[in-house]
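Reviewing the structure listed below.
By convention here, the first residue in the shown sequence is residue 1.
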Amino acid sequence: MTTPHSPTLRLRRLAAMLRRARERAGYTTSQVGAKFKWSAGKVSKMETTETKRISPNDLDRLMDLYGVTDQAEREGMQALARDARQRGWWSKYKKVFSDHALPDFEAEASLIRTFEAQIVPGLLQTPQYAEALLKGGRYTDPETVRQKVEARMARRDILTRPEPARLRAVIDEAALRRPIGGTETLRGQLAHLLYMAQLPNIDVQVLPLDAGAHAALGAPFTLLDFPDPLDLPIVYIDTAGEGVFLEDPEEVEAHSATFGDIQGSALSTTRSAAVITDLLRAPESES
């Protein structure tokens with residue numbers, strides 16, 4: 001992977017900057033649109049990212065109207081508009097990812113918090129485990145499976161690149177016992193999990209079966225935080241389709257609180273490593 005770059009995140013940041021500049025200048029979206037004789041709603045769509053591409057000329061006119069005179073700020077906003085028009089590495093996997101995909105946001109995330117109840121999180125999966133997992137769903141042709149596995153492995157680069165994202169993963173013990181792909185595949189996955197858990201930017205906690213009921217029972221989710229204050233945190237919930245992103249601050253806060261609760265119910269990273277090690281050795285002792 002090259003320098004982390006999220007077109008959607010850059011567009012969200014530009015939209016927030018435009019909204020703030022307009023509000024400081026004392027204009028409504030309708031007034032701005034009328035002044036430039038733009039179609040109704042054009043300015044609002046820019047500020048809600050419904051408009052995916054903002055031309056340099058339109059951006060200059062808006063900055064002139066809003067009194068944005070600082071050259072560095074103007075160049076920064078134009079750079080965001082250019083970045084938003086570029087495609088991320090995942091665009092080559094058209095059969096795998098939509099335009100509004102999780103890797104888009106992962107590319108610039110500084111902290112990822114994820115809870116999984118049934119499977120090992122995608123960022124921590126081995127190729128063999130991912131392939132077995134994909135083959136356990138509806139029939140998909142081998143080439144599509146291959147592309148999906150390849151794409152999922154490419155996502156993992158955010159954890160080992162220079163200045164990697166931090167990952168906090170809470171995994172239900174049931175996910176570590178589920179023999180996806182058979183004994184050897186599971187053992188390989190558990191060994192990989194132990195290896196990744198030793199990296200300084202990754203924490204893996206096991207939520208033991210004997211914890212009983214907990215705050216996120218049966219509801220896996222992922223929280224993504226970003227380094228720029230203008231890039232507000234989001235929640236991702238996987239679905240049978242393309243997944244759902246939640247940006248409402250109350251939803252983000254509720255999921256953040258829930259993650260804190262399940263971290264409290266989970267084992268420490270040291271005890272979690274011991275549990276994974278025991279599970280890894282179990283097949284040998286049973287053979």
Side-chain angles (χ1 to χ4, degrees), residues 102 106 109 111-137 152 155-156 159 165-199 201-225 234-241 243-246 251-252 254-283 285-286:
L102 182 58
E106 287 177 337
L111 172 63
I112 301 172
R113 292 169 287 169
T114 186
F115 167 66
E116 281 290 355
Q118 301 294 333
I119 61 173
V120 171
L123 289 172
L124 297 173
Q125 292 176 7
T126 64
Q128 295 79 9
Y129 183 92
E131 181 179 358
L133 189 64
L134 291 166
K135 287 182 176 179
R152 189 165 299 183
R155 283 175 55 205
R156 305 187 308 177
L159 300 177
R166 289 175 293 148
L167 176 65
R168 305 289 179 263
V170 177
I171 310 172
D172 196 293
E173 184 181 344
L176 305 180
R177 292 182 176 276
R178 189 179 297 278
I180 292 174
T183 300
E184 288 305 309
T185 294
L186 181 58
R187 288 183 63 201
Q189 177 60 70
L190 294 175
H192 178 70
L193 200 56
L194 278 175
Y195 170 77
M196 296 300 288
Q198 296 179 67
L199 299 182
N201 58 308
I202 298 176
D203 285 342
V204 174
Q205 289 179 265
V206 175
L207 189 59
L209 293 174
D210 59 17
H214 57 79
L217 193 62
F221 63 90
T222 297
L223 282 153
L224 299 101
D225 292 271
I234 62 172
V235 177
Y236 174 78
I237 299 175
D238 202 7
T239 68
V244 176
F245 290 94
L246 306 176
E251 288 280 6
V252 173
H255 283 81
S256 183
T258 297
F259 191 81
D261 289 342
I262 59 174
Q263 274 193 306
S265 300
L267 302 176
S268 68
T269 55
T270 301
R271 291 181 62 194
S272 295
V275 168
I276 297 171
T277 300
D278 288 343
L279 290 172
L280 181 57
R281 292 172 177 168
S285 62
E286 292 171 1

Working to the nearest 0.5 Å, report the span between [atom1] of [X] and [atom2] of [Y].
X: L207; Y: I262; atom1: CG; atom2: CD1; result: 6.5 Å
X: H192; Y: Q128; atom1: NE2; atom2: CD; result: 10.0 Å
X: L194; Y: L124; atom1: CG; atom2: CG; result: 11.5 Å
X: L123; Y: M196; atom1: CG; atom2: CE; result: 8.5 Å

### Query
Who are the side-chain contact (heavy atoms from CB on, under 4.5 Å) partners of S272, not counting sequence neighbours?
Q205, V206, L267

Pairwise side-chain contact, [X] with [Y], heavy-atom cut-off 4.5 Å (strictly under):
X: I112; Y: E106; result: yes
X: R168; Y: F259; result: yes
X: Q263; Y: D203; result: no
X: V204; Y: I276; result: yes
X: T183; Y: R187; result: yes
X: L167; Y: L159; result: yes
X: V120; Y: T126; result: no
X: L102; Y: F245; result: yes

#### Entry: ring pair (Phe, Tyr, Trp, His ring centres under 6.0 Å) against F221, all qualifying residues, sequence neighbours excluded
H255

### Query
What pair of heavy atoms forms the shortest contact from G122 to R155, and how long is it?
CA-NH1, 4.4 Å

### Query
Which atom pair, heavy atoms only, marks the closest approach of P208 to S265?
CD-O, 4.0 Å

### Query
Would R113 and D225 pass as an ion pair if we require N to O under 4.0 Å?
yes

### Any donor-acceptor pair under 3.5 Å from D238 side chain to G243 backbone
no

### Query
Are the side chain of E251 and the backbone N or O of I234 linked by a donor-acceptor pair below 3.5 Å?
no

Return all side-chain donor-acceptor pairs below 3.5 angstrom for residues 171-181, not counting sequence neighbours, or 'none' if the list is empty.
from, atom 1, to, atom 2, distance (Å)
D172, OD1, A174, N, 2.9
E173, OE1, L209, N, 3.0
E173, OE2, R177, NE, 2.8
E173, OE2, R177, NH2, 2.9
R178, NE, Q118, O, 3.4
R178, NH2, Q118, OE1, 2.3

